[in-house]
Asker: 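Pasting a structure below so you can have a look.
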Amino acid sequence: MEPFRQHKGIVAPLERANVDTDAIIPKQFLKSIKRTGFGDNLFDEMRYLDHGEPGQDCSQRPKNPDFVLNREPYCNATVLLAGRNFGCGSSREHAPWALKDFGFRVLIAPSFADIFYNNCFKNGLLPVVLPEETVERLFRAVEAEPGYQLAVDLPAQTVTTPSGEVLAFDIDGFRKHMLEQGLDEIGLTLQHADAIRAYEERRRREAPWLFRA
Amino acid sequence: MAGRTLYEKLWDDHVVRDNEDGTSLLYIDRQLVHEVTSPQAFEGLRLAGRQPWRTDANLAVADHNVPTTDRRGGIADPVSRLQVDTLDDNCRTYGITEFGMNDPRQGIVHVIGPEQGATLPGMTIVCGDSHTSTQGAMGAMAFGIGTSEVEHALATQTLVQQKSKTMLISVDGEPGPGVTAKDIILHIIGTIGTAGGTGYAIEYGGSAVRNLSMEGRMTICNMSIEAGARCGMIAVDDTTIDYIANRPFAPTGEQWEQAVAYWKTLHSDPDAAFDRVVHIDAATIQPQVSWGTSPEMVVPIHGSVPNPFKETDEARRTAYARALEYMGLEPETPMTDIWLDKIFIGSCTNARISDLREAARVVEGRRIADNIKLAMVVPGSGLVKKQAEDEGLDRVFKEAGFEWREAGCSMCLGMNPDQLSPGERCASTSNRNFEGRQGQGGRTHLVSPAMAAAAAVAGHFVDVREF
Ligand code: SF4
């Protein structure tokens with residue numbers, strides 16, 4: 001996985017709470033057996049005026065001119081600013097795949113749904129939690145200045161505004177480390193294969209019914 | 001030693017090692033696999049040249065894409081077919097047990113796990129599906145994961161996890177007649193909100209929960225995710241143990257005795273401390289109907305659609321106005337004045353046998369209203385379907401004008417042909433009323449099976465208690 005350290009980019013505002021994974025990537029696109037190619041269908045129902053199906057040429061579809069990602073300069077945004085509980089709903093990892101495929105690297109919201117938050121880290125996408133008032137303030141700043149950019153520094157755990165204001169954020173150490181290094185989590189876990197085997201042996205004695213074939 | 005909560009007991013029993021950063025490597029006893037979230041995980045294994053750690057810990061079934069009409073001809077949609085074929089191929093390649101589309105045991109993954117006794121108390125259970133929380137009703141730690149974690153669990157039989165905070169939701173007292181498990185959980189979500197459980201593992205307790213059947217408990221745990229929690233659970237008691245006895249994957253003989261002795265320890269100790277406790281008086285719960293596009297947007301059946309202009313909180317006002325626009329509803333419309341186009345009785349929330357019995361009792365000897373274009377019953381599994389047919393429930397439904405379908409997720413999310421058309425309004429026993437969930441532009445109202453059945457007969461929402 002691609003490591004994440006610093007990133008600076010245009011912020012797209014999506015001022016809605018509870019944006020769910022069905023809205024991020026509608027179910028018909030979940031039929032793909034691939035990990036890539038979801039970017040054109042990110043927010044499909046909000047982004048296009050017709051009904052989308054997998055395998056279409058999206059450049060030919062009628063776009064909703066009012067939707068933020070269809071407008072300059074937001075179509076080139078790499079930072080998404082959203083309302084609370086972003087990513088609620090299903091566990092589909094297609095949601096972070098679609099955001100990443102579109103070009104997003106950072107998501108900022110007052111809160112994220114659990115599974116979605118976790119899925120972001122597996123895909124080199126950094127979800128940043130900032131207080132509701134701060135996010136509110138950022139929405140107003142983006143509104144006042146289209147093309148507004150934010151700089152995010154993962155090692156320092158900061159977001160810096162164009163005026164130089166530094167906003168600190170929290171993140172747990174393990175996730176930070178994995179993302180910074182772009183590590184393969186399975187490979188890391190397999191370094192503990194002996195511990196897993198030892199656990200299994202003990203459980204097999206204590207709770208043999210768990211190991212019935 | 002201070003008492004431990006059920007969650008803490010389950011956690012402690014599955015720690016393989018504690019990492020330096022406060023996370024732990026947890027052992028996973030059971031992984032359920034379905035066709036939508038697994039292909040990329042198997043692909044990942046293949047690309048890395050890895051093998052599943054323990055094939056016998058996995059059980060696979062296709063449920064999201066399968067047609068609910070006659071299946072003998074296979075799946076018509078080529079994209080859906082490829083996804084189901086890919087699951088079949090992967091299971092064959094890696095030697096994973098799969099219930100194929102035409103196997104009588106096929107069904108919604110969260111229905112068949114408990115039904116087969118494949119998910120048991122004390123287990124850690126994962127699946128690439130958020131409603132895995134359903135199975136916490138067995139006294140297990142069951143939670144949904146993303147595809148990367150599906151791959152991780154396949155390859156290592158473990159997951160790296162951060163311990164959650166604990167919340168007890170205690171529902172005490174006697175619920176009134178006509179108030180079901182679905183009404184209890186909708187009421188809970190309406191009370192704590194869709195982010196109320198974020199960061200928590202929820203345990204449901206109290207006399208009203210204790211008195212529920214296993215099916216009802218599963219309905220409650222199912223919607224934990226709608227309350228923001230990754231897992232919901234209920235302590236083991238005799239109801240749990242009786243439910244498991246003699247199921248195909250359940251232990252037998254000496255191992256059964258051993259297992260039962262252990263399962264009986266799976267409850268929170270009396271002196272265990274929770275990070276948050278919520279008390280709910282069951283007697284105050286009315287049959288619920290959702291009016292909006294988030295499961296927290298619910299009111300009792302005698303309530304009305306809220307008026308956004310009366311909301312003082314701005315975010316809420318905007319959200320309400322948007323929801324009403326999408327739902328095509330006017331503020332302050334009484335819920336009983338909302339007319340419907342379709343009725344869906346199904347999903348991992350409410351498609352077990354007791355759900356079908358409750359709905360059948362309401363429609364028996366009656367007909368669906370003329371304005372209902374389609375009313376369908378989709379059993380949660382092939383075995384639920386068979387049981388219902390043995391009890392004659394299929395006839396009751398068919399005589400009332402319902403369609404009687406094959407098992408699967410169906411119109412819960414409409415990945416197969418069962419969908420709402422734009423603007424169509426549906427009373428649904430499923431768990432999500434998000435925009436477009438049941439079909440683009442479709443309008444979903446979440447209710448219990450009995451309420452959906454009553455609405456089918458009346459053509460609009462009605463109080464099942466006065467029915
Ligand atoms: S029935 Fe609905 S909620 Fe349950 S697993 Fe299927 S799609 Fe998901």
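Being a predicted model, the structure only gives us computed values, none of them experimental. Residue numbering restarts at 1 for every chain, and letters A, B, ... go by the order of the sequence lines.
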Asker: With a cut-off of under 6.0 Å to the ring centre and 45° to the axis, is Lys63(A) in cation-pi contact with Tyr48(A)?
Answerer: no
Asker: Is chain A contacted by the side chain of Gln440(B), its backbone, both, or neither, given a heavy-atom distance below 4.5 Å?
Answerer: both
Asker: For the candidates Ile196(A), Asn119(A), Asn85(A), Leu210(A), which exhibits the highest count of non-hydrogen atom pairs separated by less than 4.5 Å from chain B?
Answerer: Ile196(A)
Asker: Salt bridge or not between Arg137(A) and Glu132(A)? Use side-chain N to carboxylate O under 4.0 Å.
Answerer: no
Asker: Assess whether salt bridge (Lys or Arg N to Asp or Glu O under 4.0 Å) is satisfied between Asp22(A) and Arg437(B), documenting all intermediate values.
Answerer: CA-CA 7 Å; Asp22(A) 284 77; Arg437(B) 169 76 176 182; 3.4 Å; yes
Asker: Only pairs of heavy atoms separated by less than 4.5 Å count here; which of Lys34(A), Glu15(A), Gln28(A) has the most with chain B?
Answerer: Lys34(A)
Asker: May I ask you to name which of Gln255(B), Glu435(B), Gln40(B), Gln83(B) has the most heavy-atom pairs under 4.5 Å with chain A?
Answerer: Gln40(B)
Asker: Run the salt bridge (Lys or Arg N to Asp or Glu O under 4.0 Å) test on Arg197(A) and Glu201(A) for me, step by step, so that the C-alpha distance in whole Å, both residues' side-chain angles and the decisive distance to 0.1 Å come before the verdict.
Answerer: CA-CA 6 Å; Arg197(A) 271 187 219 104; Glu201(A) 253 164 58; over 6 Å; no
Asker: Among Asn19(B), Thr194(B), Thr318(B), which has the most heavy-atom pairs under 4.5 Å with chain A?
Answerer: Thr194(B)
Asker: Does any backbone or side-chain atom of Ala319(B) lie under 4.5 Å from a heavy atom of chain A? Answer side chain, backbone, both or neither.
Answerer: neither
Asker: Checking Thr156(B) against chain A: side chain, backbone, both or neither under 4.5 Å from a heavy atom?
Answerer: both
Asker: Can you name the residues that form a ring-ring contact (aromatic ring centres under 6.0 Å, His included) with Phe116(A), not counting sequence neighbours?
Answerer: Phe86(A)
Asker: Which one, Ala193(A), Ala95(A), Gly89(A), leads in non-hydrogen pairs under 4.5 Å with chain B?
Answerer: Gly89(A)
Asker: Check whether Ala250(B) gets within reach of chain A through its side chain, its backbone, both or neither, counting any heavy atom under 4.5 Å.
Answerer: backbone
Asker: Taking atom types as modelled, find out whether Thr37(B) and Thr147(B) have a side-chain donor-acceptor pair closer than 3.5 angstrom.
Answerer: no
Asker: Are the charged groups of Asp66(A) and Arg71(A) less than 4.0 angstrom apart, N to O?
Answerer: no
Asker: Side chain, backbone, both or neither: which part of Val15(B) has an atom under 4.5 Å from a heavy atom of chain A?
Answerer: backbone
Asker: Side chain, backbone, both or neither: which part of Thr97(B) has an atom under 4.5 Å from a heavy atom of chain A?
Answerer: neither
Asker: So which residue, Arg202(A), Arg84(A), His94(A), His51(A), ends up with the most heavy-atom pairs under 4.5 Å with chain B?
Answerer: His51(A)
Asker: What part of Ala198(A) is in contact with chain B, defined as an atom under 4.5 angstrom from a non-hydrogen atom: side chain, backbone, both or neither?
Answerer: neither
Asker: For Gly122(B) versus Asp29(B), what's the shortest heavy-atom pair and its separation?
Answerer: O-OD2, 3.9 Å
Asker: Look at Arg92(A), His192(A), Lys122(A) and state which one has the largest set of heavy-atom pairs under 4.5 Å with chain B.
Answerer: His192(A)
Asker: Output the option from Arg322(B), Gln162(B), Glu20(B) having the highest count of non-hydrogen pairs under 4.5 Å with chain A.
Answerer: Arg322(B)
Asker: With chain A as the partner, which of Glu149(B), His131(B), Arg30(B), Glu43(B) has the greatest number of non-hydrogen pairs under 4.5 Å?
Answerer: Glu149(B)
Asker: Might you work through the side-chain hydrogen bond (donor to acceptor under 3.5 Å, both in side chains) test for Ser130(B) and Arg432(B), ending with a clear yes or no?
Answerer: CA-CA 12 Å; Ser130(B) 58; Arg432(B) 287 190 176 138; 2.9 Å; yes
Asker: Taking Ser294(B), Ser38(B), Pro39(B), Ser148(B) one by one, which has the highest count of heavy-atom pairs under 4.5 Å against chain A?
Answerer: Ser148(B)
Asker: Identify which part of Pro26(A) has an atom lying under 4.5 Å from any heavy atom of chain B, answering side chain, backbone, both or neither.
Answerer: neither
Asker: Donor-acceptor check, side chain of Asn65(B) to backbone of Ser80(B), threshold 3.5 angstrom: yes or no?
Answerer: no
Asker: Give, as side chain, backbone, both or neither, the part of Trp53(B) having an atom under 4.5 angstrom from any heavy atom of chain A.
Answerer: side chain
Asker: Pick one of side chain, backbone, both or neither for Ala23(A), based on which atoms fall under 4.5 Å of a heavy atom in chain B.
Answerer: neither
Asker: Could you give me the CA-CA distance, side-chain angles and deciding distance for Asp77(B) and Lys31(A), then say whether salt bridge (Lys or Arg N to Asp or Glu O under 4.0 Å) is met?
Answerer: CA-CA 10 Å; Asp77(B) 172 7; Lys31(A) 294 182 186 178; 2.7 Å; yes
Asker: Just checking Tyr27(B) against His14(B), ring centres under 6.0 Å apart?
Answerer: no
Asker: Tell me, out of Gly436(B), Gly22(B), Gly144(B), Ala259(B), who's got the most heavy-atom pairs with chain A below 4.5 Å.
Answerer: Ala259(B)
Asker: Got a salt bridge between Asp44(A) and Arg47(A), using NZ or NE/NH1/NH2 to carboxylate O under 4.0 Å?
Answerer: no
Asker: In Å and rounded to the nearest 0.5 Å, what is the CG to OG1 distance from Leu25(B) to Thr158(B)?
Answerer: 4.0 Å
Asker: Salt bridge between Glu93(A) and Lys100(A), side-chain N to carboxylate O under 4.0 Å?
Answerer: no
Asker: For chain B, find its close neighbours in residues 175-186 of chain A: heavy-atom separation under 4.5 Å, sorted by number, or none.
Answerer: Asp184(A), Glu185(A), Ile186(A)
Asker: Thinking salt bridges, do Arg230(B) and Asp114(A) make one under a 4.0 Å N-O criterion?
Answerer: no
